[in-house]
Amino acid sequence: MVRQVQITGTGQLVELSRRLKAAGGARLKANFARRIRKAAEPLHRDLQQTLRGLPITSQPRKAGNRGGASPTTRPLRATIAQAIRISVRTSSSFGARVWVDKDALPADLRNMASTINTGRIRHPVFGNRRRWAQQNATPLWWDKTVRTHTPRMTAEVARVLTDVRDQLS
């Protein structure tokens with residue numbers, strides 16, 4: 001699973017960072033960071049929306065009088081979708097990053113985003129470690145969504161770089 005997305009052109013961005021510092025452009029730097037974040041926001045929203053609508057299926061229950069309510073009331077996909085974050089750095093490693101903040105997730109869901117991305121979720125049935133269930137999801141949902149947005153984001157970052165370079169000239 002692609003755990004993060006980074007839009008960087010390190011040579012251009014580092015050079016631009018030096019020129020921004022030399023120009024003393026705190027306002028210019030803030031504008032640059034805002035536009036980079038704006039370029040990554042559609043990916044952020046689409047990742048959240050894709051995850052919330054991701055079908056997770058399982059085999060039907062076997063015959064008998066088993067089952068019952070879920071032991072948690074926490075919505076799995078919505079909880080993980082809320083933990084998807086954007087961060088923009090304007091220091092030495094310039095760029096935007098879209099990532100799953102594991103600290104924002106409950107302890108038992110910390111690796112669930114990457115597990116769902118594999119397409120196969122195995123877990124004990126109601127905590128019974130002698131009995132396991134398997135659920136299936138669309139594999140590589142994160143990777144496919146990122147691939148869809150990469151050309152647009154790359155073009156937008158190039159446009160921002162050009163605009164800032166023009167302002168510095």
Side-chain angles (χ1 to χ4, degrees), residues 1-58 75-106 109-122 134-169:
M1 173 179 159
V2 179
R3 295 191 193 279
Q4 61 186 0
V5 179
Q6 292 183 328
I7 302 294
T8 57
T10 54
Q12 292 175 336
L13 291 171
V14 170
E15 174 61 26
L16 187 59
S17 174
R18 285 190 197 116
R19 291 176 69 187
L20 281 171
K21 285 180 185 175
R27 183 184 55 78
L28 195 58
K29 196 172 185 179
N31 183 33
F32 179 70
R34 180 182 51 79
R35 289 184 64 192
I36 295 291
R37 174 178 287 279
K38 193 174 179 181
E41 282 175 353
L43 172 63
H44 177 247
R45 282 191 305 272
D46 199 20
L47 282 168
Q48 288 180 324
Q49 187 177 26
T50 301
L51 180 58
R52 284 188 178 111
L54 193 69
I56 297 178
T57 60
S58 62
L76 173 70
R77 291 169 287 204
T79 302
I80 297 170
Q82 286 177 334
I84 298 175
R85 306 271 191 261
I86 301 176
S87 63
V88 177
R89 289 179 314 278
T90 56
S91 61
S92 61
S93 59
F94 251 65
R97 196 172 81 137
V98 179
W99 51 289
V100 176
D101 183 6
K102 291 185 177 185
D103 292 333
L105 293 171
L109 296 181
R110 296 260 158 91
N111 294 322
M112 190 54 75
S114 58
T115 302
I116 292 174
N117 196 50
T118 64
R120 180 176 167 226
I121 307 163
R122 260 180 74 31
Q134 176 177 318
Q135 293 180 289
N136 302 309
T138 305
L140 304 176
W141 64 273
W142 179 280
D143 302 346
K144 290 175 185 174
T145 307
V146 168
R147 261 187 256 122
T148 302
H149 284 270
T150 300
R152 182 199 50 77
M153 288 174 25
T154 304
E156 180 63 26
V157 169
R159 190 169 29 255
V160 170
L161 283 172
T162 303
D163 291 350
V164 171
R165 210 176 286 123
D166 290 347
Q167 289 178 357
L168 288 175
S169 302

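FYI, the numbering just counts along the sequence from 1.
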**OP:** May I ask you to test the I80-R77 pair for a side-chain heavy-atom distance under 4.5 Å?
**Re:** no
**OP:** Take R52 and Q82, measure what side-chain contact (heavy atoms from CB on, under 4.5 Å) needs, and give me the verdict at the end.
**Re:** CA-CA 10 Å; R52 284 188 178 111; Q82 286 177 334; 4.0 Å; yes
**OP:** Decide side-chain contact (heavy atoms from CB on, under 4.5 Å) for K102 and N111; before the verdict, give the C-alpha distance in whole Å, the side-chain angles of both, and the deciding distance to 0.1 Å.
**Re:** CA-CA 8 Å; K102 291 185 177 185; N111 294 322; 3.1 Å; yes
Subject >> Heavy-atom donor-acceptor pair, Q135 side chain to S58 backbone, under 3.5 Å >> reply: no
Original post:
Mind checking whether V88 and R34 have side chains closer than 4.5 Å, heavy atoms only?
Top reply: no
**OP:** Keeping the roles fixed (side chain from H44, backbone from I84), state whether a donor-acceptor pair exists under 3.5 Å.
**Re:** yes
Subject >> Between CD1 on residue I116 and CG on residue L54, distance to nearest 0.5 Å >> reply: 6.5 Å
**OP:** For residues D46 and Q49, determine if any side-chain heavy atom of one lies less than 4.5 Å from a side-chain heavy atom of the other.
**Re:** yes
Original post:
Does E41 come within less than 4.0 Å of K38, counting only side-chain N to carboxylate O?
Top reply: no
Subject >> Distance (rounded to the nearest 0.5 Å) between N117 CG and K144 NZ >> reply: 9.5 Å
Original post:
So, R110 side chain and L105 main chain: donor-acceptor pair closer than 3.5 Å or not?
Top reply: yes
**OP:** State, yes or no, whether a side-chain contact exists between R35 and D163 at a heavy-atom distance under 4.5 Å.
**Re:** yes
